[in-house]
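Whatever order the structure lists ligands and atoms in, that order sets their numbers, starting from 1. Computed from a prediction, not measured in an experiment: that's the story for all the values here.
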Amino acid sequence: MEKIWAGRAGGDISSAADDFNSSIKFDKRLYAQDIAGSIAHAAMLGKCGILTADETEKLTVGLGQILDEIKSGRLVIDETCEDIHSFMEAELTKRLGSLGKKIHTARSRNDQVALDLRMYLRDEIKEISAGLKKLICVIIEKAEQYADAVMPGYTHLQRAQPVTFGHYLLAYGMMFSRDLDRLADAQKRVNISPIGCGALAGTTYRTDRAYEAEQLGFDGICENSLDGVSDRDFCVEILSALSIIMMHLSRFSEEMVLWSNWEFRFVEISDDFTTGSSMMPQKKNPDMAELVRGKTGRVYGDLIAMLVTLKGLPLAYNKDMQEDKEGLFDACDTVKDCLLIFAEMLRGTRAIPENMKKAAKEGFINATDLADYLVKKGAPFRDAYKISGRLVALCIKKGCVLEELSAADFKSESELFDEDVYGEISLDTCISRRVSDGGPSPDSVKNQIKLLKEKISH
Ligand code: ARG
């Protein structure tokens, strides 16, 4: 295939260099964006009188046919071409003769590739957001189902204070709702058109960049041509948002791994989302959660690779930037897969409230409530804290829990204790009294569910 840039250089590049230089194996996935961009470009050139109406029409029809044929499999993308942009021009020229060569008037592959990438990413953002919403839906369903399932909340992975499984799940719901916000915010900067920036310095033709951008559904144009072709901030932003999604999924996965084991047994993942061992007959392994946790590393890697590639690059386009695509595609694919598999796994996960309750009962997680009881009776918090701590030590010595101490035991530490202490430190009271906004009380949990539902409704 003759190089589109054969001119000053003959274009007969060594085959090793050709392979090394070529990006078509991975940028061929941008074919639909490339064609849509070229159709809008032809329309703009026609509108501005740079092409005749007839030329515009023929180019538009030709490009439409190429799109249909690739989609239906009748046309196979020729991987001996350097990249998807050269392939399209070659294919158009094969069909339309020298008219095909006019499509590249007033543009460069530098603005073209930036355009294709932005168009690709804006669709990916929509798909990933839809994946996040589906996961939030499953979280809401489960939170409603387990709004009363009392469990220990942890700090330092030590039993700390009572929460419910519903309340816990909604914490992840909130994280994923921020992920939605982050993607929506990044979309504002992705959806700006670089086409017409040319190679770096615009063009001498009287083009209409705003018209072309509008044809393609962009919200505006890159206002500086050097920036337009050099900017990959939008890729970094998306990769960063994707890394944060993976970080959330990974933390959630870690807890699924931990809680599904025999030490906790808080949850049971359904058989169709677990695997066995080839040697140990008793095993039921949480591979899906582990893989999601594992794949987090590669998405972080994609982010770091992009940042490092861009570091120190002089303006404007440099071939280094061809390295932007594989990691970006990989990160988008990985996040979509992980969101889907995690949502399905969670849908099939059953909580075991009796085990959660048992752990909650054993962990002295009502010790703060015991201190608060004394505070309500007039003790300063720091004194109440110490009394509660001493009573926990007494329980450990006696091998019992706070609710099992005798009235005399309580009185021995403070005269403020009364019979009502037992009701006040029962786990159900501890949950229902935690009425502060965002807390685990039933009303507060209901409110959190309402907020999340609103969030995913638009
Ligand atoms: N394949 C190239 C890339 O992905 C397209 C832009 C090529 N531009 C150039 N001046 N060689 O970045």
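- With no hydrogens or angles considered, no side-chain donor-acceptor pair links Thr274 and Asn285 at under 3.5 Å.
- Checked by distance only, ligand 1 and His85 stay at 3.5 Å or farther apart across all their nitrogen or oxygen atoms.
- By the 3.5 Å distance cut-off applied to N or O atoms, Ser23 is counted among the residues near ligand 1.
- His104 and Arg107 share a side-chain donor-acceptor pair at under 3.5 Å.
- Asn355 and Arg265 are not linked by any side-chain donor-acceptor pair at a separation below 3.5 angstrom, with hydrogens and angles left out of the test.
- Remark: of the listed residues Arg109, Lys325, Lys319, Arg109 is the sole one forming a salt bridge (charged side-chain N to carboxylate O under 4.0 Å, His left out) with Asp83.
- Side chains of Asp54 and Thr52: a donor-acceptor N/O pair is absent below 3.5 angstrom, by distance only.
- In this structure, atom 4 (O) of ligand 1 lies nearest to the protein heavy atom Lys325 NZ, 2.6 Å.
- With hydrogens left out, the protein atom closest to atom 2 (C) of ligand 1 is Gln322 OE1, 3.2 Å, a heavy atom.
- The shortest separation from a heavy atom of Gln112 to ligand 1 is not under 4.0 Å, leaving the residue out of contact.
- Atom 6 (C) of ligand 1 has its closest protein heavy atom at Tyr317 OH, 3.5 Å.
- A distance below 6.0 Å separates the ring centres of Phe329 and Tyr120.
- Protein heavy atom closest to atom 11 (N) of ligand 1, with residue, atom name and distance, is Arg109 NH2, 3.6 Å.
- Nearest to atom 5 (C) of ligand 1 by heavy atom, out of Asn110, Asp83, Asn21, is Asp83.
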